Protein chains: 2
Amino acid sequence: MGETLEGTIAFRVVGALRDDIVSMVLKPGDVISESDIAARYGVSRQPVREAFIRLAQQGLLLIRPKRATVVKKISPDGVRQSRFIRESIEVEIIRRVATDPKPETGQILDDLIADQEAASSANDSRRFHKLDELFHRTLARLAGVEYAWQLIDDHKMQLDRVRYLTLGVSSSQRAIAEHKQIAKAVSKGDVVAAEAAMRAHLARAEVLLSQTIEDFPDYFE
Amino acid sequence: MGETLEGTIAFRVVGALRDDIVSMVLKPGDVISESDIAARYGVSRQPVREAFIRLAQQGLLLIRPKRATVVKKISPDGVRQSRFIRESIEVEIIRRVATDPKPETGQILDDLIADQEAASSANDSRRFHKLDELFHRTLARLAGVEYAWQLIDDHKMQLDRVRYLTLGVSSSQRAIAEHKQIAKAVSKGDVVAAEAAMRAHLARAEVLLSQTIEDFPDYFE
DNA sequence: TTCCGCAATCTTGTATGGTAGATGCATTTT
DNA sequence: AAAATGCATCTACCATACAAGATTGCGGAA
């Protein structure tokens, strides 16, 4: 439901900063100031300030009143709750989709999985990641709650920062197998199996957090 | 996770505008401008502008680039999806709380329900509403996901605008009875019953939307 | 050496002026 | 009369200037 204005300088700054933060170019704890960013992008402080406000509301920046603005450190508890929110919504989505599967649902999901296998074979991890996200977003669309996915996407930024620190470890083969399980259960209309498969799929990445905290203690609070 | 700065003018304006919007003092479709609000509150346009940005991101305002800013009309589909999000999260919360109920859980909930009965007897609908909200927030706290409730709270603003249009129709007696059912199932650790009770509780207000759209067509898109 | 205080220098918050775009109405043209 | 056009007047966006709190580091005193 959040609206922004494309084409404005502030909008461009928001996108650039968010990319830098999620991709760890700007690291948790880094101190930035409106003046710095304004100079870096060759704009005035005003649009930068508005970008800061938006990013702070998304939990990526922490504006400290008369001191400075810092890239927010990753909160382990926040990550845990973001996962909770994601699991809550995705489980409900998969229930709805599996409860009343439309005829074309199975084919749509199978096509996406086929694309993922192609990307995996080509070792195109960027494309694979995009398709993985599309798989989940498609489920939301099939459930008629595409906005709910947008909500998950906002929270996924937190999770993506952690994932970026552990890149390479995710097994695309395993993810594909799990997607197949989910699609199969959905096609059969087996709600219980679909829910279980989705929970297992989402739970797989869980174990990495504590190890990541040990490896990068400065990035966590 | 969204942070704001207390004590600033912009923060005050955000609160004042949000209250006016949720309580329908500012009606969906109303056109407001930075200058108007700035003059009304005796401040400059700058903090008003920042308030507009925050409220737009929360889905209450629609900023139209070089035209004007309007109080966003209520989107029936948005209301539906907000309900979906709320139900997803609250159901997952009640599952967790019921799965492993702490000894003090039952007493905490019973106390809250007792307060609600007192407020109901005193016909203090404002206090009743606050306690109703506290009941749900407490469940989130007991599940260890208080931030998730904050998320629901943001979306509840959309639902509250609808509720404001239909005020008086909600039966506090019935809400209390449903809260009792939920608390009882949680205390017994009956996950299935707790989930069913929560879904029934949340579904109760559903029927009102279509009637409200007919009564106030100008407020919906 | 250690501690205290002050001032220079950061930061964000606020105010104001100027700019470009969109709208609506009056005027002109066909 | 109807359609097109130009202009007055709105709007949000951006740039700049000023204000006030917070930090830092230096210098002097104990």
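Not measured: the values here are computed from a predicted model. Atom set for the values below is all heavy atoms of this structure, side chains included, hydrogens, waters and symmetry mates excluded.
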- prompt: What integer distance in Å separates B:I9:CD1 from C:dT12:P?
  reply: 18 Å
- request: Taking only the side-chain heavy atoms of A:K66 (C-beta and beyond), determine which of D:dA12, C:dA15, D:dA22 contains the nearest atom.
  value: D:dA22
- line: From the candidates C:dA15, C:dG13, D:dC14, the one with an atom nearest any side-chain atom of B:P47 is C:dA15
field: Presence of donor-acceptor pair under 3.5 Å, side chain of A:R64 and base of D:dG21
entry: no
Integer-rounded Å distance: C:dC10 P and A:E34 CD: 16 Å
task: Round to the nearest Å and state the distance from B:I53 atom CD1 to C:dT14 atom C1'.
output: 14 Å
message: One pair to check against salt bridge (Lys or Arg N to Asp or Glu O under 4.0 Å): A:K156 and A:E133. What are the steps and the verdict?
response: CA-CA 10 Å; A:K156 226 164 56 57; A:E133 191 164 306; 3.2 Å; yes
task: Could you state the atom-to-atom distance from CZ of B:F52 to P of D:dT11 in whole Å?
output: 10 Å
field: Heavy-atom side-chain contact between A:L202 and A:R86 under 4.5 Å
entry: yes
field: Per B:R45 side chain, nearest of listed nucleotides C:dG13, C:dT11, D:dC14
entry: D:dC14
field: Lys/Arg N to Asp/Glu carboxylate O, A:R163 vs A:D160, below 4.0 Å
entry: yes
field: Backbone of A:Q116 reached by a side-chain donor or acceptor of A:S120 within 3.5 Å
entry: no
task: Go through C:dT14, C:dT11, D:dC14 for me and flag the one nearest to the B:A10 side chain.
output: C:dT14
- prompt: What integer distance in Å separates B:F11:CZ from C:dT12:C1'?
  reply: 17 Å
Atom-pair distance (CG on B:L62; P on D:dT11), nearest Å: 16 Å
- request: Please report, rounded to the nearest Å, how far the C1' atom of D:dC13 is from the CD atom of A:E50.
  value: 7 Å
- prompt: Taking only side-chain nitrogens and oxygens of A:S33, does any of them come within less than 4.0 Å of OP1 or OP2 of C:dT11?
  reply: yes
- prompt: Is A:R67 near enough to C:dT11 that one of its side-chain N or O atoms lies under 4.0 angstrom from OP1 or OP2?
  reply: no
task: Using the six-membered ring wherever Trp is involved, compare the ring planes of A:H201 and A:H179 and label them parallel, tilted or perpendicular (cut-offs 30° and 60°).
output: perpendicular
statement: Here the distance between atom C1' of C:dT14 and atom CD1 of A:I63, to the nearest Å, is 15 Å
message: When you measure from the side-chain N and O atoms of A:T69 to the phosphate of C:dT12, is any distance below 4.0 Å, counting only OP1 and OP2?
response: yes
